[in-house]
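Below: one structure, written as structure tokens.
This chain uses plain numbering: 1 for the first residue, then up along the sequence. From a predicted model like this one, the values you see are computed outputs, not experimental measurements.
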Amino acid sequence: MIRAVLDTNILYSGLRSRNGASFKVLQSLLNTKFQPCVSVPLILEYQQTLIGKQSGLALSISEIESVLDYLCLVGHKQKVFYLWRPILRDPKDDMVLELAVAAESEYIVTYNARDFKGAERFDVSIVSPVKFLKAIGEMP
């Protein structure tokens with residue numbers, strides 16, 4: 001199964017609007033088109049961001065927690081035992097890259113590919129949601 005790490009901006013965008021590629025990426029989780037890779041630090045970042053920006057979402061805290069529980073249920077849980085930091089400009093992006101490499105993920109799905117400049121040397125494709133959907137056969 002294809003493994004991918006979803007950057008926080010993909011999760012937030014997909015939960016904020018039912019229109020767009022981010023929502024389709026989240027929907028494809030239900031069809032088991034790919035397996036998201038998760039770690040404790042990434043889930044905590046998701047939680048902090050989603051609850052912090054809850055006013056922009058049409059979800060209650062309980063519903064946000066249910067989404068995170070589902071990601072933990074279906075996701076590939078990966079412990080990261082090493083830190084290379086800093087590789088990227090933002091330590092939170094380093095955390096995402098470290099997870100992707102440790103989990104042998106093929107993709108990092110993000111709207112901010114420029115933030116992952118330098119990640120290409122780790123054999124992880126940095127892609128937009130549209131490119132990812134094409135890669136998993138969800139879009140022509």
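In this structure, Leu30 and Tyr70 have side chains that are in contact, with non-hydrogen atoms separated by less than 4.5 Å. The shortest side-chain heavy-atom distance between Asp90 and Asp115 does not fall under the 4.5 Å cut-off. The shortest side-chain heavy-atom distance between Ile136 and Val25 does not fall under the 4.5 Å cut-off. Two residues are said to be in side-chain contact when any heavy atoms from C-beta on lie closer than 4.5 Å; Phe132 and Phe34 meet this criterion. Looking at Pro129 and Tyr111, their side chains come closer than 4.5 Å, going by heavy atoms from C-beta outward. Using a 4.5 Å heavy-atom cutoff, the side chains of Leu6 and Tyr46 are in contact. When side chains are defined from C-beta on, Leu42 does not count as touching Val80, because their heavy atoms never get closer than 4.5 Å. The shortest distance between side-chain heavy atoms of Leu29 and Pro36 falls below 4.5 Å.
Atom CD of Glu63 sits in a crowded spot, with more than 12 heavy atoms from other residues, nucleotides or ligands closer than 6.0 Å. By the 6.0 Å contact criterion, NZ on Lys77 is enclosed, its count of non-hydrogen atoms from other residues, nucleotides or ligands being greater than 12. Atom CG of Asp123 has 12 or fewer heavy atoms from other residues, nucleotides or ligands within 6.0 Å.
The backbone N or O of Ala103 sits less than 3.5 Å from a side-chain atom of Arg3, completing a donor-acceptor pair. Between the side chain of Gln48 and the backbone N or O of Glu45, no donor-acceptor pair lies under 3.5 Å.
Between Thr8 and the choices Val96, Thr49, Asn112, Leu50, the side-chain contact (heavy atoms from CB on, under 4.5 Å) rule is met once, by Thr49.
How far OG of Ser128 is from NZ of Lys134: 8.0 Å, rounded to the nearest 0.5 Å. Between the NZ atom of Lys53 and the CG atom of Leu59 there is a distance of 14.5 Å, given to the nearest 0.5 Å. Atom CE in Met95 sits 8.5 Å away from atom CG in Asp7 (nearest 0.5 Å). The distance from atom CD of Gln27 to atom OG of Ser22, rounded to the nearest 0.5 Å, is 11.5 Å.
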Margin query: Walk me through whether Glu65 and Ile51 qualify under side chain to side chain contact (heavy atoms under 4.5 Å, CB included).
Written below: CA-CA 9 Å; Glu65 294 292 342; Ile51 290 174; 3.6 Å; yes

Item checked: Step-by-step side chain to side chain contact (heavy atoms under 4.5 Å, CB included) determination, Thr110 to Asp93 -> CA-CA 10 Å; Thr110 184; Asp93 293 332; over 6 Å; no

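Under the 4.5 Å side-chain contact rule for hydrophobic residues, Leu11 and Val40 do not share a cluster. Put simply, Leu44 and Val5 are part of two different groups of oily side chains (I, L, V, M, F, W, Y) that touch within less than 4.5 Å, one to the next.
Between Glu138 and Lys33, at least one side-chain nitrogen of the basic residue sits less than 4.0 Å from a carboxylate oxygen of the acidic one, meeting the salt-bridge criterion.
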